[in-house]
Amino acid sequence: MLRFACGLALCFVLAAYCSAKIHFKDEFLDDTWRTKWVDSTFKGSDQGKFVHSAGKFYGDAEKDKGLKTSQDAKFYGISAKFDSFSNENKPLVLQFTVKHEQNIDCGGGYAKLYSSDLDQKNLHGDSPYLIMFGPDICGPGTKKVHVIFNYKGKVLLTKKDIRCKDDVYTHLYTLIVKPDSTYEVRIDNEKVESGDLESDWDFLPPKKIKDPDAKKPEDWDDREKMDDPDDKKPDDWDQPEHIPDPDAKKPDDWDDDMDGEWEPPMIDNPAYKGEWKPKQIDNPNYKGEWIHPEIDNPDYSPDDNLYKYTDIGAVGFDLWQVKSGTIFDNLIVTDSVEDAEEHAKNTWMKTKGPEKKMKDKQEEEERKTREEEEKKMKDEDAEKKEEDDDEEEEEEEEEEAKKPEQDSEPDHGGEL
């Protein structure tokens with residue numbers, strides 16, 4: 001019986017594995033990406049152009065090519081369609097890499113999933129989408145990962161703050177939506193956030209609401225402390241905050257007719273004690289904080305299919321960037337977490353080490369070049385100063401040579 005149960009479990013695992021499907025994948029290895037992707041022309045002259053590039057530093061000059069934003073202060077829109085599918089009873093995985101090698105100051109780095117009826121040529125910010133996922137940076141205050149769902153026409157932002165990477169290297173972003181309506185966000189293959197959809201987004205009204213018929217009793221005393229009724233203000237308490245300076249003297253040249261009546265300047269009163277308040281004591285009638293009773297929300301209706309979309313048929317990048325240079329690559333849409341992990345293993349994991357090595361080498365070469373240029377400038381300045389000093393010395397010698405010889409003193413000796 002045990003052998004049968006194990007065999008049955010293995011069959012389920014194999015069946016799940018065999019049914020796993022990669023719905024879309026693009027590593028942008030060559031120019032064939034142009035046959036899959038359609039540029040939006042919605043913004044006209046404000047529409048930025050994507051180019052095929054690995055950037056300034058990379059792990060492999062060809063394999064690390066992706067879609068790169070190439071113009072500053074532009075809108076970007078591009079999308080690709082695939083056979084429509086539903087993620088019913090299956091995980092949904094959206095994964096891609098983002099490289100902000102321009103050290104982005106303000107701009108998006110996210111991808112969107114759309115339904116199959118997407119108007120690709122007119123793709124823009126208001127085009128309806130199903131899921132939006134990825135990093136968004138704008139100044140020091142906004143450095144987050146968006147995870148946005150469209151539910152029954154409502155755009156829902158996550159209640160959690162998920163921080164994105166903000167350096168110049170390639171990073172892997174993975175969103176996993178599971179059929180039990182839970183989710184997981186990974187950055188560089190590490191889980192950074194997880195939970196359930198109902199708790200972390202406002203898909204549904206709250207299960208409980210405050211009872212509209214419940215009211216705090218009029219005699220409910222929620223003051224933990226109270227004024228001491230036996231504490232009395234001292235008779236000498238009230239003193240002015242400022243008084244005339246007793247040491248001030250009317251200036252001798254003060255003219256009352258011209259300057260008006262003289263008044264001494266005001267100074268802080270050392271006897272001033274501030275506003276008097278009676279001391280606080282425990283309130284014998286304190287009942288604690290009144291908690292509003294809750295009831296079941298009549299508008300709440302559970303939904304076991306918060307995770308589900310029936311028509312997923314396109315993926316795209318729709319964003320705005322102030323400073324261009326972002327590279328998108330290694331995109332995969334699948335219902336298998338294992339397939340996404342394998343894809344990351346064969347792409348990003350092979351890129352990250354050599355990419356950093358190349359960047360470090362470039363920075364070292366730039367440092368050496370900078371130091372050589374600085375040394376050259378210092379040497380040139382020193383040489384010029386030496387030449388100027390020599391020139392000045394020669395001029396002084398020439399001036400000295402031009403001076404006439406002084407006559408010798410006259411001889412006043414001799415006979416008287």
Side-chain angles (χ1 to χ4, degrees), residues 45-76 97-109 135-144 163-171 188 319-329 351-414:
S45 60
D46 288 329
Q47 197 80 52
K49 182 181 179 183
F50 282 101
V51 296
H52 192 215
S53 172
K56 300 174 184 176
F57 51 92
Y58 38 77
D60 186 291
E62 294 302 319
K63 292 181 180 179
D64 290 342
K65 284 184 177 179
L67 294 184
K68 179 181 178 180
T69 58
S70 65
Q71 297 168 281
D72 294 345
K74 294 287 185 181
F75 293 93
Y76 288 88
T97 58
V98 182
K99 177 186 178 186
H100 291 311
E101 74 169 21
Q102 77 277 40
N103 197 12
I104 193 168
D105 52 0
C106 189
D136 187 18
I137 294 175
C138 196
T142 301
K143 295 183 179 181
K144 62 184 176 182
R163 189 173 179 85
C164 68
K165 300 292 184 180
D166 60 356
D167 56 42
V168 297
Y169 298 103
T170 299
H171 292 286
D188 295 346
L319 35 94
W320 157 266
Q321 289 196 339
V322 174
K323 188 192 295 184
S324 64
T326 298
I327 299 174
F328 299 97
D329 198 4
T351 295
K352 61 173 185 172
E355 176 187 73
K356 188 175 188 309
K357 186 177 180 180
M358 183 175 181
K359 175 64 173 171
D360 291 344
K361 183 179 179 181
Q362 288 177 353
E363 289 181 347
E364 178 63 17
E365 290 173 351
E366 289 171 1
R367 182 188 65 79
K368 288 181 179 179
T369 301
R370 188 168 57 251
E371 289 178 352
E372 289 172 359
E373 289 175 350
E374 289 174 355
K375 184 178 182 303
K376 183 180 177 182
M377 288 178 65
K378 286 181 180 178
D379 291 343
E380 288 175 351
D381 288 344
E383 186 178 343
K384 187 175 185 304
K385 185 176 185 304
E386 188 176 345
E387 290 175 355
D388 291 344
D389 289 345
D390 290 344
E391 236 176 75
E392 187 176 341
E393 188 175 338
E394 288 177 5
E395 289 176 358
E396 288 177 353
E397 289 175 354
E398 288 176 2
E399 288 293 327
E400 191 67 29
K402 290 178 182 178
K403 289 181 179 179
E405 293 184 6
Q406 292 183 353
D407 294 330
S408 57
E409 291 292 328
D411 186 5
H412 296 292

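All heavy atoms count here, side chains included; hydrogens, waters and symmetry mates do not.
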Set of side chain to side chain donor-acceptor pair (under 3.5 Å) partners for [X], sequence neighbours left out:
X    : result
K143 : D166
K65  : E62
D167 : H171

Query raised in the report: side chain to side chain contact (heavy atoms under 4.5 Å, CB included) between K165 and H100: does it pass, once the steps are laid out?
Result: CA-CA 9 Å; K165 300 292 184 180; H100 291 311; over 6 Å; no
Query raised in the report: What heavy-atom pair brings G108 and L319 nearest, and what distance separates the two atoms?
Result: O-CD2, 3.8 Å
Requested in this report: Can you see which heavy atom on D60 is nearest to which on D64, and at what distance?
Outcome: N-OD2, 2.8 Å
Partners passing salt bridge (charged side-chain N to carboxylate O under 4.0 Å, His left out) against [X] (at least two apart in sequence or in another chain):
X    : answer
K63  : none
K352 : none
E383 : none
K144 : none

Query raised in the report: T326 and I104: side chain to side chain contact (heavy atoms under 4.5 Å, CB included), yes or no, with the steps?
Result: CA-CA 8 Å; T326 298; I104 193 168; 4.0 Å; yes
Query - K68 with E101: basic N within carboxylate O range, under 4.0 Å - result: yes
**Report entry** Non-neighbouring partners of S324 that pass side-chain contact (heavy atoms from CB on, under 4.5 Å), sequence neighbours left out
**Finding:** T69, D72, Y76, Q321
Query raised in the report: Under the side-chain contact (heavy atoms from CB on, under 4.5 Å) test, which residues partner K356, sequence neighbours left out?
Result: Y169, D360
**Report entry** Under 3.5 Å donor-acceptor, Q71 side chain and K49 backbone
**Finding:** yes
List the atom pairs, with distances to 0.1 Å, where a side-chain N or O of residues 385-393 and a protein N or O form a donor-acceptor pair under 3.5 Å, not counting sequence neighbours.
{"from": "K385", "atom 1": "NZ", "to": "D389", "atom 2": "OD2", "distance (Å)": "3.3"}
{"from": "D388", "atom 1": "OD2", "to": "K384", "atom 2": "NZ", "distance (Å)": "3.4"}

What side-chain donor-acceptor pairs closer than 3.5 Å can you find for residues 51-59, not counting sequence neighbours?
{"from": "H52", "atom 1": "NE2", "to": "F28", "atom 2": "O", "distance (Å)": "2.6"}
{"from": "S53", "atom 1": "OG", "to": "G55", "atom 2": "N", "distance (Å)": "2.9"}

**Report entry** Approximate separation, where rounding is to 0.5 Å, of L67 CG and D329 CG
**Finding:** 8.0 Å
Quick one: side chains of residues 370-377, donor-acceptor pairs under 3.5 Å with protein atoms, not counting sequence neighbours, listed by atom name and distance.
{"from": "E371", "atom 1": "OE1", "to": "R367", "atom 2": "NH1", "distance (Å)": "3.0"}
{"from": "E371", "atom 1": "OE2", "to": "R367", "atom 2": "NH1", "distance (Å)": "2.6"}
{"from": "K375", "atom 1": "NZ", "to": "D379", "atom 2": "OD2", "distance (Å)": "3.1"}

